[in-house]
Amino acid sequence: MDDINSYDLLMLLPMYLIFLFSFVVHESAHAWMSCKQGDGSARYYISLNPIPHIKRTPFGMVIIPIVTYFLIGFPLGFASVPVNILWAQQNPRKYGLVALAGPVANLILAIGFVIVLGLYLAFAGKIGFHSEGVRQIYEVLRMAVNLNVVLAVFNLIPVPPLDGSSIPCLFIPKRHLSSYLRIIWNPSMAMPGILIAYFAFSGLFGVIGVPFLLFLDQILNLFRGLV
């Protein structure tokens, strides 16, 4: 038991740093797209510096990820950037693009980490892949891939307060957009939405996430064959 606890503590820092980087990129993508589309409310959050994001949601960016890491072996949390509600009402299509930017950023990150992990596998054989340090680096990089796939898939679920609830603004008929925005912005929808997303996630991840990770495994096997 002591060995397991020591290992968990050893891996906490690199796992948390990967979590922090992935979430900051996600929120920075929202902020960047928001500014590009004409809403400067989130300009302060276009940064890879995690401090502004931690200050905005310290519970979701620090407490929750550490607790979930020790509970399930995987850091989870939440964050957000400000949005000008009036601007969003007047520009719902652009608001939909802002929502889409976060999951897209995580998919790009996942692909980037796959390339890094693949190159690491291609050269790890020279060190000895089964050595403890090499294995730990592999696990951290693999978690980085998994975390970003999870973030992308989970946030695509179309229930508030997740990004997926705002993405339909890209194609909903204009006459229904005002009513739709009132529904997804209703604070009372947040908790039911999270519960629905939680139960829907396993099914959605099985349809989208698992095949994607299996495909990535095939790519990693190609890199491993280069050793």
Side-chain angles (χ1 to χ4, degrees), residues 22-47 52-61 64-65 68 76-110 147-212:
S22 301
F23 265 68
V24 167
V25 169
H26 178 102
E27 297 303 327
S28 294
H30 283 314
W32 177 82
M33 182 60 75
S34 180
C35 288
K36 280 290 185 181
Q37 298 302 318
D39 177 17
S41 304
R43 187 178 304 277
Y44 177 61
Y45 298 92
I46 308 175
S47 172
H53 302 275
I54 291 174
K55 284 183 177 179
R56 180 170 171 81
T57 49
F59 191 71
M61 292 291 283
I64 292 296
T68 54
L76 297 173
F78 60 87
S80 67
V81 293
V83 175
N84 184 322
I85 300 300
L86 180 60
W87 171 86
Q89 289 174 328
Q90 295 172 343
N91 303 277
R93 308 296 186 200
K94 294 181 178 180
Y95 177 62
L97 288 175
V98 173
L100 184 61
V104 169
N106 287 124
L107 285 177
I108 293 172
L109 268 186
L147 175 61
N148 280 281
V149 173
V150 167
L151 282 174
V153 174
F154 186 73
N155 275 287
L156 287 174
I157 298 174
V159 295
L162 302 181
D163 297 332
S165 66
S166 301
I167 293 173
C169 291
L170 290 169
F171 52 82
I172 288 178
K174 288 185 178 181
R175 64 182 180 278
H176 299 308
L177 277 170
S178 295
S179 299
Y180 180 75
L181 288 173
R182 282 197 296 271
I183 293 172
I184 65 173
W185 286 343
N186 188 331
S188 65
M189 295 294 292
M191 186 56 67
I194 291 174
L195 291 175
I196 292 170
Y198 176 80
F199 289 109
F201 177 69
S202 58
L204 185 61
F205 191 72
V207 173
I208 300 175
V210 171
F212 184 69

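Below, all heavy atoms of this structure are taken into account, side chains as well, without hydrogens, waters or symmetry copies.
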Shortest non-hydrogen contact between F78 and T57, atoms and distance: O-OG1, 3.7 Å
Under the side chain to side chain contact (heavy atoms under 4.5 Å, CB included) criterion, do L151 and S22 qualify, and how do the steps go? CA-CA 9 Å; L151 282 174; S22 301; 4.0 Å; yes
Can you see which heavy atom on P65 is nearest to which on G60, and at what distance? CD-O, 3.3 Å
Going by ring-ring contact (aromatic ring centres under 6.0 Å, His included), name the pairs with one or both residues in residues 22-42, residues two or more places apart or in two chains. F19-F23, H26-H30
For side chain to side chain contact (heavy atoms under 4.5 Å, CB included), just list the numbers for M189 and I184, CA-CA rounded to whole Å, side-chain angles, deciding distance to a tenth of an Å, and then say yes or no. CA-CA 7 Å; M189 295 294 292; I184 65 173; over 6 Å; no
Testing the basics here: between P82 and A42, what is the closest heavy-atom pair and its distance to 0.1 Å? O-CB, 3.5 Å
Please list, chain by chain and in numerical order, all residues satisfying side-chain contact (heavy atoms from CB on, under 4.5 Å) with I167, sequence neighbours excluded. A99, L100, L156, L170
Rounded at 0.5 Å granularity, tell me how far NZ in K55 sits from OH in Y45. 9.5 Å
Determine whether V83 and D39 satisfy the following criterion, side chain to side chain contact (heavy atoms under 4.5 Å, CB included), listing intermediate values before the conclusion. CA-CA 7 Å; V83 175; D39 177 17; 3.9 Å; yes
Applying side-chain hydrogen bond (donor to acceptor under 3.5 Å, both in side chains), can you list everything that pairs with S28, at least two apart in sequence or on another chain? none
Listed by chain and number, what are the side-chain contact (heavy atoms from CB on, under 4.5 Å) partners of I54, not counting sequence neighbours? Y16, L20, P50, M61, V62
Non-hydrogen atoms of P161 and A190 that approach each other most closely: CD-O, 3.6 Å
Please list, chain by chain and in numerical order, all residues satisfying side-chain hydrogen bond (donor to acceptor under 3.5 Å, both in side chains) with N186, sequence neighbours excluded. S188
Rounding to 0.5 Å, atoms CZ (R56) and OG (S80) come to a distance of 3.5 Å
Inter-residue atom distance I157.CD1 - L162.CG, 0.5 Å rounding: 6.0 Å
Among pairs that include at least one residue of residues 87-96, which meet side-chain hydrogen bond (donor to acceptor under 3.5 Å, both in side chains), considering only residues two or more places apart or in two chains? Y95-S166, Y95-W185
Closest contact, heavy atoms only, G40 versus C35: CA-SG, 4.0 Å
Residue list, side-chain hydrogen bond (donor to acceptor under 3.5 Å, both in side chains) with S47, at least two apart or on another chain: none
Check residues 171-183 and write down every donor-acceptor pair under 3.5 Å in which the side-chain atom is one partner and the other belongs to a residue at least two apart or another chain.
from: S179; atom 1: OG; to: R182; atom 2: NH2; distance (Å): 3.3
from: Y180; atom 1: OH; to: S165; atom 2: O; distance (Å): 2.4

Over all atoms of both residues, closest heavy-atom pair of P92 and C169: O-CB, 3.2 Å
